[in-house]
Amino acid sequence: MGEDKLLLSFHGKSLLQNAVDLLSNLPVYKRILVTTDARSKQIVLPPGIQLCINSNPHIGQSESIRLGIERTQGDSSDMMKEAYLFLNADQPHLTVDDILQLLTIANNNQDMIIFPVIDEKPCSPTIFPSCYRVQLLNLSGDDGGRVIRNANREHCIAVTPNTPGNFTDVDNKEDYNDLINS
């Protein structure tokens with residue numbers, strides 16, 4: 001895109017700040033934001049979100065996943081056993097209700113990988129049960145959770161979201177132009 005897309009503005013806030021605000025309102029046990037030091041200085045971090053600086057973003061997506069997972073510990077004492085919800089910051093239309101739909105399905109299927117599907121394509125966010133912790137920690141490069149999801153299709157639930165348009169992500173300048181002109 002020629003610039004850091006997560007710092008692009010949407011409704012007066014950066015895409016990253018929109019994601020942080022969403023994260024702060026989710027009914028989850030622990031909230032961890034993994035980002036670079038430079039990006040962290042561009043946001044307001046609400047109480048209840050733990051900041052984890054990724055000093056090696058050049059390693060790829062796997063480094064952020066590893067850092068986030070390493071910050072989790074113990075049991076949640078919630079009704080759901082430990083699971084990992086991975087949110088990207090480039091889906092600015094996501095709402096708490098969108099995530100609650102996925103969390104509810106995950107709570108009722110605690111050994112399954114849960115992810116939304118739009119136009120027959122998997123997208124984010126994804127929920128992995130804790131039994132995938134070691135596999136998530138062993139990812140490398142830009143291999144994200146899709147590698148694990150694809151290797152464990154029989155343990156996946158693809159969810160058709162109630163509001164599929166909210167799951168649109170911003171990957172390029174055309175997507176961003178569509179976002180700000182919508």
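Among residues two or more places apart in sequence or in another chain, the side chain to side chain donor-acceptor pair (under 3.5 Å) test is passed with R39 by D4. With sequence neighbours excluded, the residues that form a side chain to side chain donor-acceptor pair (under 3.5 Å) with D90 are K5. Q50 is linked by a side chain to side chain contact (heavy atoms under 4.5 Å, CB included) to I32, R71, counting only residues two or more places apart in sequence or in another chain. Evaluation of the side chain to side chain contact (heavy atoms under 4.5 Å, CB included) rule for I49 yields V20, L23, S24, R31, L33, L45, P46 as partners, not counting sequence neighbours. In terms of the side chain to side chain donor-acceptor pair (under 3.5 Å) criterion, N138 has no residue partners (sequence neighbours excluded). Evaluation of the salt bridge (Lys or Arg N to Asp or Glu O under 4.0 Å) rule for D178 yields no partner, not counting sequence neighbours. Applying the side chain to side chain donor-acceptor pair (under 3.5 Å) rule to S64 yields the partners N54; only residues at least two apart in sequence or on another chain are considered. Evaluation of the salt bridge (Lys or Arg N to Asp or Glu O under 4.0 Å) rule for K173 yields no partner, not counting sequence neighbours. Every salt bridge (Lys or Arg N to Asp or Glu O under 4.0 Å) that K41 has, sequence neighbours left out, goes to D37.
Using bins of under 30°, 30° to 60° and over 60° for the plane-to-plane angle, the ring pair Y84/F86 lands in the tilted bin.
In this structure, L87 is a member of the same hydrophobic cluster as V96, with clusters built from ILVMFWY side-chain heavy atoms closer than 4.5 Å. L100 and I105 end up in the same hydrophobic cluster when Ile, Leu, Val, Met, Phe, Trp and Tyr side chains are linked at under 4.5 Å. A single hydrophobic cluster is not seen to contain both L85 and V34; linkage of ILVMFWY side chains at heavy-atom distances under 4.5 Å, directly or through other members, places them apart. Put simply, M112 and L102 are part of the same group of oily side chains (I, L, V, M, F, W, Y) that touch within less than 4.5 Å, one to the next. Tracing side-chain contacts under 4.5 Å through hydrophobic residues (I, L, V, M, F, W, Y), one reaches L8 starting from L179; they form part of the same cluster.
Of all non-hydrogen atoms in F167 and P125, the two that sit nearest each other are CE2-CD, 3.8 Å. Counting all heavy atoms, side chain and backbone alike, L103 lies closest to I127 at CD2-CD1, 3.8 Å. The minimum heavy-atom distance between Q61 and D143, with the atom names listed, is OE1-C, 4.1 Å. Counting all heavy atoms, side chain and backbone alike, E70 lies closest to R133 at CA-NH2, 4.3 Å.
Annotation: salt bridge (Lys or Arg N to Asp or Glu O under 4.0 Å) contacts involving residues 11-23, sequence neighbours excluded, comprise K13-D21. For residues 91-121, the set of pairs meeting the ring pair (Phe, Tyr, Trp, His ring centres under 6.0 Å) definition, not counting sequence neighbours, comprises F10-H93.
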Identify each donor-acceptor pair in which a side-chain atom of residues 154-161 lies under 3.5 Å from a protein atom, sequence neighbours left out, and give them as a table.
none

Exercise for review: Evaluate side-chain contact (heavy atoms from CB on, under 4.5 Å) for L51 paired with T35, printing each intermediate quantity in order.
Suggested key: CA-CA 8 Å; L51 179 63; T35 192; 3.9 Å; yes
Practice item. Evaluate the criterion side-chain contact (heavy atoms from CB on, under 4.5 Å) for residue pair S14 and Q42; output intermediate values, then yes/no. Key: CA-CA 8 Å; S14 69; Q42 303 295 316; 5.9 Å; no
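The environment of D119 atom CG is sparse: at most 12 non-hydrogen atoms of other residues, nucleotides or ligands sit within 6.0 angstrom.
Interatomic distance, L94 CG to L22 CG, rounded to the nearest 0.5 Å: 6.0 Å. Distance check, rounded to the nearest 0.5 Å: NE2 of H58 to OG1 of T36 gives 13.0 Å. Atom CG in D98 sits 3.5 Å away from atom OG1 in T163 (nearest 0.5 Å). Rounded to the nearest 0.5 Å, atoms CD (Q91) and CG (D171) are 9.0 Å apart. Note that the OH atom of Y176 and the CG atom of N181 stand 9.5 Å from one another [nearest 0.5 Å]. Atom CD1 of I99 is separated from atom OG1 of T104 by 11.0 Å, given to the nearest 0.5 angstrom.
Residues D169 and C123 have side chains not in contact (no heavy-atom distance under 4.5 Å, counting atoms from C-beta outward). No side-chain heavy atom of R146 sits less than 4.5 Å from a side-chain heavy atom of P122. Proximity of L139 to V147: side-chain heavy atoms (C-beta onward) are separated by under 4.5 Å at one or more points.
In this structure a side-chain-to-backbone donor-acceptor pair under 3.5 Å is missing from Q110 to P129. Checking side-chain atoms of Q101 against main-chain N and O of N162 turns up a donor-acceptor pair under 3.5 Å. A distance-only check finds no donor-acceptor pair linking the side chain of Q135 to the backbone of I148 [under 3.5 Å]. S124 places no side-chain N or O within donor-acceptor distance of the main-chain N or O of N88, the cut-off being under 3.5 Å.
If you run side chain to side chain contact (heavy atoms under 4.5 Å, CB included) between I59 and each of P57, S55, S62, only S62 comes through.
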